[in-house]
Chemist: 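Below is one structure. I have some questions about it.
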2 protein chains.
Amino acid sequence: MTTETLERTKLYLEDLKLGQIHRSEGEPVTMDADAIKAFARQFDPQPFHLSEATAAKTFFKGLAASGWHTTAVTMKLLVESGLPLAGGIIGAGVEEVRWPRPVRPGDRLRVESEVLEVRPSRSRPEQGLAKVRTTTLNQDGDPVQVMTSNLVVQRRLSQGFSK
Amino acid sequence: MTTETLERTKLYLEDLKLGQIHRSEGEPVTMDADAIKAFARQFDPQPFHLSEATAAKTFFKGLAASGWHTTAVTMKLLVESGLPLAGGIIGAGVEEVRWPRPVRPGDRLRVESEVLEVRPSRSRPEQGLAKVRTTTLNQDGDPVQVMTSNLVVQRRLSQGFSK
């Protein structure tokens, strides 16, 4: 019973429709200065991501999160609530990532995803591809990242349903 | 003297040529199971990135690194040695990311970047854009990620050189 209820909230390829918008729920993720610097130390050790003082003299004119930090947090928001796909979120590939404005310390991020295409696979009847544009927004509703990706999505029929 | 020597090894827009290949130097980054799971817990908490046993029953048929973990490690390799740009590595945007095969525990990653386009900016004479295709390779030389990005690159003349 519980399993069935849970299952019903998961989305299969048949549940995705062009123009549908899916939003992350619950608390946004806060990008505090410590988290920005910790990610940068591990993966993107450049001055504009590591130190307020040095960052002030760079292209970014102040501390900014690594774009890949924003991408990683976007993934977390998608996995936890933003896009509840039955088989998980499996990227076949990404067509675009843009960062229209920097993520600053204290920014609170959430995601919105729009379904752009839904295509059954010809060779693998148990799955298909969905093209989705995911916009990551800050607390002012301004986009800080726009990403278009192709996701591998399970078909409902692979679960033994006749339709 | 030291500063000058260091400066000379940094690349400006004028130093980039179509077809040039830049490679990361030194030790590859090893993707061990602990690192794969730690990244996943923080940013991509899905079964195929978190547990060998559960991963065996999924699409990936075994533990695999999050694609965003590979992207983050790619950035680290680019920043540390792979692409020594004078102003740092600043992505204007990414045109493509593909993950042709999974990254498995123990894989050792390095990067190769090919310069595809070099364009001065019309509005900002101190910089330009370079389109670069970065391939992340495992220890067998097989690509695990292919990414094409547009980078903001400083021009040499912005440094006060006449040429």
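Since this is a predicted model, take the numbers as computed values, not measurements.
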Chemist: Side chain to side chain contact (heavy atoms under 4.5 Å, CB included) between B:Val73 and A:Trp68: does it pass, once the steps are laid out?
Modeler: CA-CA 10 Å; B:Val73 165; A:Trp68 302 113; over 6 Å; no
Chemist: Can you get from A:Phe60 to B:Leu129 by hopping between Ile, Leu, Val, Met, Phe, Trp and Tyr side chains that sit under 4.5 Å apart?
Modeler: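 Same cluster: A:Phe60 reaches B:Leu129 through Ile, Leu, Val, Met, Phe, Trp or Tyr contacts under 4.5 Å.
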Chemist: Determine the minimum heavy-atom distance between A:Pro45 and B:Glu80, stating which atoms define it.
Modeler: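 Closest approach of A:Pro45 to B:Glu80, heavy atoms only: CG-OE2, 4.1 Å.
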Chemist: Measure distances from B:Leu77 to the heavy atoms of chain A and classify the residue's part below 4.5 Å as side chain, backbone, both or neither.
Modeler: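 Contact with chain A involves no heavy atom of B:Leu77 at all.
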Chemist: Please classify the contact of B:Gln42 with chain A as side chain, backbone, both or neither, using a heavy-atom distance under 4.5 Å.
Modeler: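 Looking at B:Gln42, just its backbone touches chain A.
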Chemist: Decide whether A:Met31 and A:Leu137 are clustered together by the hydrophobic rule: side chain heavy atoms of Ile, Leu, Val, Met, Phe, Trp, Tyr closer than 4.5 Å, transitively.
Modeler: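 A:Met31 and A:Leu137: separate clusters.
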Chemist: Could you check which of B:Phe59, B:Trp99, B:Phe43, B:Phe48 has the highest count of heavy-atom pairs closer than 4.5 Å to chain A?
Modeler: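 Among the listed options, the one with the most contacts to chain A is B:Phe43.
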Chemist: Would you kindly confirm whether B:Val111 and B:Val79 end up in one hydrophobic cluster when ILVMFWY residues are joined by side chain heavy atoms under 4.5 Å apart?
Modeler: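 Linked within one cluster.
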Chemist: For the pair B:Gln46 (side chain) and A:Ile89 (backbone), establish whether a donor and an acceptor sit closer than 3.5 Å, ignoring hydrogens and angles.
Modeler: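 Indeed, once roles are kept as given, a pair shorter than 3.5 Å links the two residues.
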Chemist: Find out if a path of hydrophobic residues (ILVMFWY) with successive side-chain heavy-atom gaps under 4.5 Å connects B:Val94 to B:Val118.
Modeler: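 Same hydrophobic cluster.
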Chemist: I'd like to know if A:Ile90 and B:Val144 are part of one continuous hydrophobic network [Ile/Leu/Val/Met/Phe/Trp/Tyr, side-chain heavy atoms within less than 4.5 Å].
Modeler: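 B:Val144 and A:Ile90: separate clusters.
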Chemist: Pick from A:Gly93, A:Ala72, A:Pro100, A:Ala40: which one has the most heavy-atom pairs with chain B under 4.5 Å?
Modeler: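 Most heavy-atom pairs under 4.5 Å with chain B: A:Ala72.
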Chemist: What part of B:Val152 gets closer than 4.5 Å to chain A, counting heavy atoms only: side chain, backbone, both or neither?
Modeler: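 Just its side chain gets close to chain A.
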